[in-house]
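Lettering of chains follows the sequences in order, A, B, ..., and the numbering in each one begins at 1.
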Amino acid sequence: MSESSNYGHGEEDDDDEEEVADEAGYKTSKDAVLFAIDVSESMLTKPEDSNPKKRDTMLSPTVAALKCAYALMQQRIISNPNDMMGILLFGTEKSKFQAGDAETGRGGLQYPHCYLLTDLDVPAAADVKQLRSLVEDDDEAADLLVASKEEVSMANVLFCANQIFTTKAPNFSSRRLFLVTDNDYPHASSRDARNSAAVRAKDLYDLGVTIELFPISHPDRGYTFDRSKFYNDIVYSATPSDPDAPMPLTVDIKPASSTAKDGISLLQSLLSSVASRSAPRRALVNNLPFEIGPGLKISVKCFILFKRQEPKRTSYIYLPPDSDKPQIAVGSSTLVADDTARSVEKVEVRRAYKFGGETISFTVEELAKIKHFGDPVLRIIGFKPMSMLPIWANLKPLTFCYPSEEEFIGSTRVFSALHQKLLKDKKMALAWYIPRKNATPALAAIIPGAESRSEEGEQQVPPGLWIKPLPFADDIRQAPDINLVTAPDPLTDAMRVIVQQLQLPKAIYDPRKYPNPSLQWFYRILQALALEEDLPEAAEDKTLPRWKQIHKRAGGYVVGWGEVLDEQFREWQRGHEKHIKPTANGAAKRTKAEPASSGGGAGAKKVKAEDGGEGVTDADMRDAYAKDALSKSLVADLKAWLVGKGLKGVGKKAELVDAVTKYFETKMDVD
Amino acid sequence: MASKEATVYIVDCGATMGGKSHDRSRTNLDWALEYIWDRITATVATGRKTAMAGIVALRTNTTKNPLDTEDDYSNITVLREIGQVLMPHVRLLREQLLVSSTEAGDAVSAIVVAMQMIEQTCKKLKYERKIVLVTDARGSIQTDGLEEIVRKLDEDGIELVVLGVDFDDAEYGFKEEGKDGLKAENEAVLKQLCGDCGGTFGTLGQAVEELGIPRVKKTKAVPSYKGVLTLGSPEMFETALSVDVERYPKTMLQAAPSASKFIVRGDSQAVVGESEAGADGEAGDGGWGGLTAVKNAMTYQIVDKEAAGGKRDVDRDELSKGYEYGRTAVHISESDRNVTLFETTPGFDIIGFVDRTLYERYLDTHRGSLMIAQRSNDKASMALSSFIHALYELDSYAVARLVAKENKDPRIVLLAPNIEPDFECLYDIELPFAEDMRSYRFPPLDRVVTVSGKELKVHRNLPSDELKDAMSDYVDSMDLSTFGKDDEGQSAEYMPMEETYAPMLHRLHQVIKHRAVFPSGDPPPPYEILTRYSHPPSELIEQSQPALDRLMEAANVKKVPPKARGKRYGRKEAPKPLSDLDVGALLAHDPKHKRARLDPRNAIPEFKQRVNDASDMDTVKDACKQMKGIIFDMIRHSTGSAKYDAVVEALRVMREEVVDLSAAEDYEIWNEVLRELKTELFAGKLGEGREELWYRVRVNRLGLLQARNEKGKPLEGAVGDEEARKFLLAR
């Protein structure tokens, strides 16, 4: 479950702009999901050809759906702590609605055969426990999961969901009804009943609730779910009602098989269907003008696709003296004057800069003018090859941007042309970037990103451009001075073999394979405490290197490298008459491995390919060096040769000559 | 920690400094002070007690200095002994640094006075000592004893900087024509002096001009990790590789100064006087110029059914720490605090290697760092060098797990080799974890996939070949990699990072420093360099114009026209379910939806349906009126703020529908509802203490609707900007 990461939520701005809080307009960007799970005789029947060894394949569709909801609930508590979730069973013998209505005694009467198992809310530990006991304790399940003899009214189910959303999740930007059923034709004999359901579905649509259908087929009974019989009248196109949400690549969810087809259990396919419906989030910046050149503007939307997830911060908890139910204390802050401690109205507050023991203040208008560097824009200044972007030139995660037709028609095709060009030629654009009104301006590199898909064809990284704010001179730290001892070739050769043994799969870093161990640990502990479970003993940590494999594949070569190092270093010391004590404070200590004299690695040494670039060979250059005629070489040749040697081939000619000279000087020592 | 500094500024205030030379609009002294103030305020801005400065005025009417018993030292006044400079001193100096009526006073004597001051303050301690002299060199200078001064400057390690008004400077390219003989002589003397003691001699014009190039604050490198880089596990196997290394930050965001919150003190008059009197010492805590700081006071509430309003304040002392799990509070007692801690030991462990060419740059997360071998460990340097070269030759990066300190969270970093003639290191950049990725999906950009699964290569959202060609030409023509110029006029990279300066940071420093010296002056315009890169270089654009024109033509981008106005009801096509079932017809016959009254329980859908289906304005108006009634009822019956979200939603839907369906003149339907709401709310007719709801209206931007023309200006007779703004304020 942890792969489907839609961790975190809306309020992501780290920029500490001194925005006055109530000017940043907000709309709750929260998500509410209500599971509606069908409880019928057929939904309660376990598949016939189930494999008793695999418990997952023995579940009835209803229980599989409940397990799926249970997994989703646990996951969302961690990943989307402010989002709501609820579970409504329909077609049950028993009926139950919201707690308040139970008191008036109307609950059961209002929505017969609808059983509100978990009311729509931010889940509590008790909800998780209740759900767990239902899916794990057969007796409890047997008591509740009893199909009603009469058919439940779908219109009523939908209106029940309507009322749950209306009362519990008002003004949510995303409200979704996950409907799990194997019945493609309810009210088969009553057109009126079907029409009422369609009307109630329209109500839900107008309320802004999206219905996601999770249909189930039963291949063992020769039954295939057919949407066209009934559900195409209920389900509306999946375009989100919130125009800010990205248009997802939604495909209708294919009917899941109640039997384990290709070894994939119903539970697994439900889980992956649910994961594919992770809530779309609003854009970080909407319709940002993207100026390709003076007079050519298109619009883009920006999204945050990478953000570091941190463990939750601690909250203040109140422990009532007379009960064991801790409560969360809600904090609120008020402004008070430092001297008199009287509370202060917002309008009184002035902003000033501390300076020389006093304050320097500006009027609001002055400050607004000072901080104004122009309207929000992403403006291209020009282009450079990607190779001019040093690897260290970064400050924070990149922002993803994608075209929008809302302001300028034709944005997508222009964006696409730019995207294709940059990808093809490995170029980047440089831009002046003001993401929001009065935001701090930045110079950014705009980097093309290709679409990446998994082997199953699922999109993993979307195609688009990435905005990377570059460090200014102010943000770049000077490197400390070092006394460099360049490795002689034999030592580099020995190391090269080691590196070649230990390539990661596909030679790439795949973040999906590396969950954050401390974050995982934190939430496992928190969950255990909340649910009063036993604390886990040890943490799983997938970021630890595979020690054994490293030992097996590269161990011998490392020992060999160590010998070459000792030998080369002794030689270097002789050359530099720098007789430091041989074991000076752990110089490049190879712990415990020092005496290993197997010599196994010695054979790995390869003759290093002479590679002096195309123009000038090493011999030519050495010749020129020997004759002191380097300054007669062409700048381009010097550069190419230096780059070929892994040296910096930039700068003025004199510097290049110096660099080549230095190369041969040190080379002589080693040769 | 930056080292301690002691700088003495010597400012020539002689009568000749009052003149205006070379058509400058201000006096030579003011010109010189631009430089002096910039340097002094830059020191003040650091707020460091160890960044000290002293100020000496040369060629003053009076004489006051430690050596003033000798005639050689007359007309030299020490205005400020070496110490931390604070605002009161700045104010005082402003009054003291004025043009005098004398021409007497020896610049070299002033240097000796400054040396004396430095010696008194710094003694033999470690200081960065510096003397800055700004003069027009038109006073007489005695040249005897110069060798002695040079020797002493050298011995004490004092850096001497002499900046002259209209001094000749061949390198900068300035030569004063018709220079006065005495000045020429003095210039030569001072130049010689600077040359002898290894100091700096320059012309003021260049110094003032260079004030526009921000100074980058240097920070001493502090290692973020010191330990071993390992491949394999030294604890488990004898074949593990480990090298002693140090890791330093390579990039670190330099934050712009942030303003603090203050309010005006009630007794501000008294305070201003007090702080001016205190010019000699540290400003007391009343010295915020009549302002007093504002603090955040936290209060905590818990749910208590018996308390009024259902909530009760609790004291901080009554609370303990814990976490939220869903909506459940999980208490963790003091003794169990470590239970959530993920225990780690420091280390830098290589996980494996990846191909440089396959690495996607969008994975870069957070700051860059660099790793070098443990300093003064030659063997480690050689060992690390072999690793760096091997990575470089194999075109590979390493992926490693880093725990910088005990019990810090592990991070995964990418290590990239960097090789320069005298410097080698591994740069590292953090990589994201699985949890840090969000899977939002977006359609492909190079093809369009239809619902039926067909792939289109020609579509209005896809670029034509013509557009692709035009884009390609434009991108190539706007190349910056060789557009810049280096020191020798050779083509070089344009806008290298090292020549870009954080605009907000330096802009704020600039205006704060300016205001400190000129409290009543308008802030100066920003330095040119801060906005230089906000637009493409005009020369390049000029050259690329044909390519851009072709691109614009091929792109054919059109601004989306402002929403067509004037259409009323019933124009919107009703949304249909997947099956195209005519739900509208069903609705029309549905008994529940046919009633004249909106069902309060199902208000939003029914309201939308009614408005969308309306065939006349009366229906719309009636629907809005009913909706208003439902909203007012909700407010009346809301327990505390329980129903406010629902109210806001209902208001939002109503506003959206009015915007969507009616012509500009019908905006008043909404505006009337909103005005009524405000009146009733504040008159308490909807219950006591309902004012908070207005705050919700405001932050949700549910204000008055303003009819506007194409240019975005409010129409005549419609709600104006100021009216709309004021209306949203409470009361």
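Considering every non-hydrogen atom in both B/A259 and A/R351, the closest pair reads CB-CB, 3.8 Å. What you find for B/A329 and A/I317 is that their closest heavy atoms are CB-CD1, 3.5 Å. B/I429 approaches A/W392 most closely through the heavy-atom pair CD1-O, 4.3 Å. Between B/A555 and A/L296, the shortest heavy-atom distance links the atoms CB-CD1, 4.3 Å. For the residue pair A/D206 and B/K608, the shortest heavy atom distance occurs at O-NZ, 2.9 Å. Here the closest heavy-atom approach between residue A/Y402 and residue B/P444 is recorded as OH-O, 4.0 Å.
With B/R375 contributing its side chain and A/I482 its backbone, the two residues share no donor-acceptor pair below 3.5 Å. Remark: the backbone N or O of A/N516 is paired with a side-chain donor or acceptor of B/E435 at under 3.5 angstrom. Counting only distance, with no hydrogens or angles, the side chain of A/S416 and the backbone of B/L445 share a donor-acceptor pair below 3.5 Å. For A/D474 (side chain) and B/A502 (main-chain N/O), a donor-acceptor pair under 3.5 Å exists by modelled atom type. Between the side chain of A/R477 and the backbone N or O of B/P249, no donor-acceptor pair lies under 3.5 Å. Counting only distance, with no hydrogens or angles, the side chain of A/Q163 and the backbone of B/R601 share a donor-acceptor pair below 3.5 Å. Using modelled atom types, no side-chain atom of A/R512 and backbone atom of B/M437 make a donor-acceptor pair closer than 3.5 Å.
Looking at A/L398, both its backbone and its side chain come within 4.5 Å of chain B, counting heavy atoms on both sides. The contact between A/H551 and chain B is made by backbone and side chain atoms together, counting heavy-atom distances below 4.5 Å. Heavy-atom distances place the backbone of B/I350, and not its side chain, under 4.5 Å from chain A. Only the side chain of A/N162 comes within less than 4.5 Å of a heavy atom in chain B; its backbone stays farther off. In this structure, chain A has a heavy atom under 4.5 Å from the side chain of B/V314, while its backbone stays farther away. Contact of A/E407 with chain B is made through backbone and side chain together, with heavy-atom distances under 4.5 Å. Proximity to chain B involves both the backbone and the side chain of A/Q327, based on heavy atoms less than 4.5 angstrom apart. Looking at A/F373, only its side chain comes within 4.5 Å of chain B, counting heavy atoms on both sides. Contact annotation for A/I381: both backbone and side-chain heavy atoms come within less than 4.5 Å of a heavy atom of chain B. Interface remark: B/V399 contributes side-chain atoms only to the contact with chain A (heavy atom separation under 4.5 Å). Only the side chain of A/Q420 has a heavy atom closer than 4.5 Å to any heavy atom of chain B. For A/I370, the parts sitting under 4.5 Å from any heavy atom of chain B are the backbone and the side chain alike. Looking at A/L443, the atoms closer than 4.5 Å to chain B (heavy atoms on both sides) all sit in the side chain, from C-beta outward. In this structure, the portions of B/R361 lying under 4.5 Å from any heavy atom of chain A include both its backbone and its side chain. Within the 4.5 angstrom heavy-atom criterion, atoms from both the backbone and the side chain of B/L586 approach chain A. Looking at A/Y509, the atoms closer than 4.5 Å to chain B (heavy atoms on both sides) sit in the backbone and in the side chain alike. Both the backbone and the side chain of A/L305 come within less than 4.5 Å of a heavy atom in chain B.
In this structure, the side chains of B/V560 and A/E406 stay at 4.5 Å or more apart for every pair of heavy atoms. Taking the side chain as every heavy atom from C-beta outward, B/H366 and A/P397 approach each other to under 4.5 Å. Residues B/S381 and A/W572 form no side-chain contact, since every pair of their non-hydrogen atoms from C-beta on lies 4.5 Å or further apart. Contact annotation: the side chain of B/N602 approaches that of A/D203 to within less than 4.5 Å [non-hydrogen atoms, C-beta and beyond]. When side chains are defined from C-beta on, B/I351 counts as touching A/Y514, because their heavy atoms get closer than 4.5 Å. Looking at A/P480 and B/I372, their side chains come closer than 4.5 Å, going by heavy atoms from C-beta outward. With a 4.5 Å cut-off on side-chain heavy atoms, B/F262 and A/K354 count as touching. With a 4.5 Å cut-off on side-chain heavy atoms, B/D479 and A/K427 count as touching.
The candidate with the highest count of non-hydrogen atom pairs below 4.5 Å against chain A, out of B/K250, B/K321, B/M471, B/M298, is B/K250. For chain A, the option among B/F387, B/Y323, B/Y501, B/F423 with the highest count of heavy-atom pairs below 4.5 Å is B/Y323. Here A/S332 is the residue among A/P385, A/A530, A/S332 with the most heavy-atom pairs under 4.5 Å with chain B. For the set A/I298, A/I525, A/L484, the entry with the most heavy-atom pairs within less than 4.5 Å of chain B is A/L484. The candidate from B/M252, B/E360, B/E498 with the greatest count of non-hydrogen atom pairs under 4.5 Å with chain A is B/M252. When A/G410, A/G382, A/A479, A/A393 are compared by the number of non-hydrogen pairs under 4.5 Å with chain B, A/G382 comes out ahead. Taking chain A as the reference chain and counting heavy-atom pairs below 4.5 Å, the highest number among B/G368, B/A221, B/G352, B/P432 is found for B/P432. The candidate from A/V414, A/L395, A/I447, A/L491 with the greatest count of non-hydrogen atom pairs under 4.5 Å with chain B is A/L395. Of the listed residues (A/G555, A/A507, A/P462), the greatest number of heavy-atom pairs within a distance under 4.5 Å of chain B belongs to A/A507. Between chain A and the options B/L431, B/N556, B/L358, heavy-atom pairs under 4.5 Å are most frequent for B/L431. Ranking A/D233, A/I550, A/I360 against chain B, the residue ahead of the rest is A/D233, based on heavy-atom pairs under 4.5 Å. Interface remark: of the candidates B/L253, B/V648, B/I604, B/L253 forms the most heavy-atom pairs closer than 4.5 Å to chain A.
Atoms OH and OH, on B/Y300 and A/Y318 in that order, are 15.5 Å from each other to the nearest 0.5 Å. If you take CD1 on A/I391 and CG on B/D364, they are separated by 5.5 Å, rounding to the nearest 0.5 Å. In this structure, A/L529 CG and B/T328 OG1 are separated by 12.0 Å, a value rounded to the nearest 0.5 Å. Residue A/I77 holds its CD1 atom at 11.5 Å from CD of B/E324, rounded to the nearest 0.5 Å. Distance check: B/T365 OG1 to A/N394 CG gives 7.0 Å after rounding to the nearest 0.5 Å. In this structure, CH2 on A/W521 lies 13.5 Å from CG on B/D409, to the nearest 0.5 angstrom.
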Does A/I409 form a side-chain contact (heavy atoms from CB on, under 4.5 Å) with B/V557? I'd like the steps, not just the answer. CA-CA 6 Å; A/I409 300 162; B/V557 173; over 6 Å; no
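There is no side-chain donor-acceptor pair under 3.5 Å between B/D355 and A/Q503.
A salt bridge does not link A/D475 with B/R367: every distance from a Lys NZ or Arg NE/NH1/NH2 to an Asp or Glu carboxylate oxygen is 4.0 Å or more.
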